[in-house]
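Please read the structure below before turning to the comments.
These values consider heavy atoms only, across backbone and side chains, with no hydrogens, waters or symmetry-generated copies. If you read the sequence from its start, that first residue is 1, and numbering goes on from there.
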Amino acid sequence: MMQTQIFKSEEKLHHKGLVPLVAYMIISGHLELVDRKGQVVQLRAGELVCLKETWNHVPFQYEIKTKPGTTLLPLDRSMLNRLREELKDPIS
C-alpha cells in the first residue's frame, strides 16, 4: 500500500550524486532542486522527480529539499515496475 509523507519543515531529501532509492510524486506543496552551481529549480504538485534515475539506478545530480507543507508519494522500484507493466498491458 502506498503511503504519503507530509513534511512540516524544510528537509534535505536527497544529496547530489547519489542513486535515489525512490521517485517522488508531489501531491501538494513543492520541492526545490539545487544543482552544483547553486541554481534552484522548483517543482510543484503533480510533478515527478527521480523517476528515470530510480528506474535505471543512476545518480541524480541535484540536491532535493522539501518545503513546509509538502506532501509526497514515494514510489520505489517495485512499484514503478508494476506501473510500467500496467501501462504495457492496459485493460481493454
* Is there a side-chain contact (heavy atoms from CB on, under 4.5 Å) between Asp35 and Val41 once you walk through the steps? -> CA-CA 8 Å; Asp35 69 11; Val41 175; over 6 Å; no
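- Taking each heavy atom of Pro20 and Glu53 in turn, the nearest pair found is CG-CB, 3.7 Å.
- Grouping the Ile, Leu, Val, Met, Phe, Trp and Tyr side chains by contacts below 4.5 angstrom, directly or via other members, places Phe7 with Val22.
- Gln5 contributes atom CD, which lies 6.5 Å from atom CG of Leu72 (distance to the nearest 0.5 angstrom).
- Counting only heavy atoms from C-beta outward, the side chains of Phe60 and Leu18 never approach each other to under 4.5 Å.
- The closest donor-acceptor contact from the side chain of Thr54 to the backbone of Leu21 lies at 3.5 Å or more, if one exists at all.
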* Asked: Can you list the steps and then say if Lys12 with Glu63 is a salt bridge (charged side-chain N to carboxylate O under 4.0 Å, His left out)?
  -> CA-CA 7 Å; Lys12 190 179 289 187; Glu63 176 179 280; 3.1 Å; yes
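- Side-chain N or O atoms of Asn56 include none that pairs as donor or acceptor with a backbone N or O of Val58 at under 3.5 Å.
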* Would you sort out whether Thr4 and Thr71 count as a side-chain hydrogen bond (donor to acceptor under 3.5 Å, both in side chains), showing the intermediate values? => CA-CA 6 Å; Thr4 58; Thr71 301; 6.0 Å; no
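- Side-chain contact between Arg77 and His57: present, with at least one pair of heavy atoms (C-beta onward) separated by less than 4.5 Å.
- No continuous path of hydrophobic side-chain contacts links Val40 to Leu31 [ILVMFWY only; heavy atoms under 4.5 Å].
- Cys50 contributes atom SG, which lies 11.0 Å from atom CG of Leu75 (distance to the nearest 0.5 angstrom).
- Taking hydrophobic clusters as Ile, Leu, Val, Met, Phe, Trp and Tyr residues chained together by side-chain heavy-atom distances below 4.5 Å, Ile27 does not share a cluster with Leu43.
- Across Ser28 and Gly69, no two heavy atoms sit closer than the pair OG-O, 3.8 Å.
- Between Tyr62 and His14, the shortest heavy-atom distance links the atoms O-CD2, 3.3 Å.
- For Lys67, the side-chain contact (heavy atoms from CB on, under 4.5 Å) partners at least two apart in sequence or on another chain are Glu10, His30, Glu32, Thr70.
- From Gln61, atom CD reaches atom CG of Leu33 across 12.0 Å, with rounding to the nearest 0.5 Å.
- How far CG of Leu51 is from CG of Leu80: 5.5 Å, rounded to the nearest 0.5 Å.
- Rounded to the nearest 0.5 Å, atoms CG (Leu73) and CD1 (Ile26) are 11.5 Å apart.
- A donor-acceptor pair under 3.5 Å is absent between the side-chain atoms of Glu85 and the main chain of Arg82, judged by distance alone.
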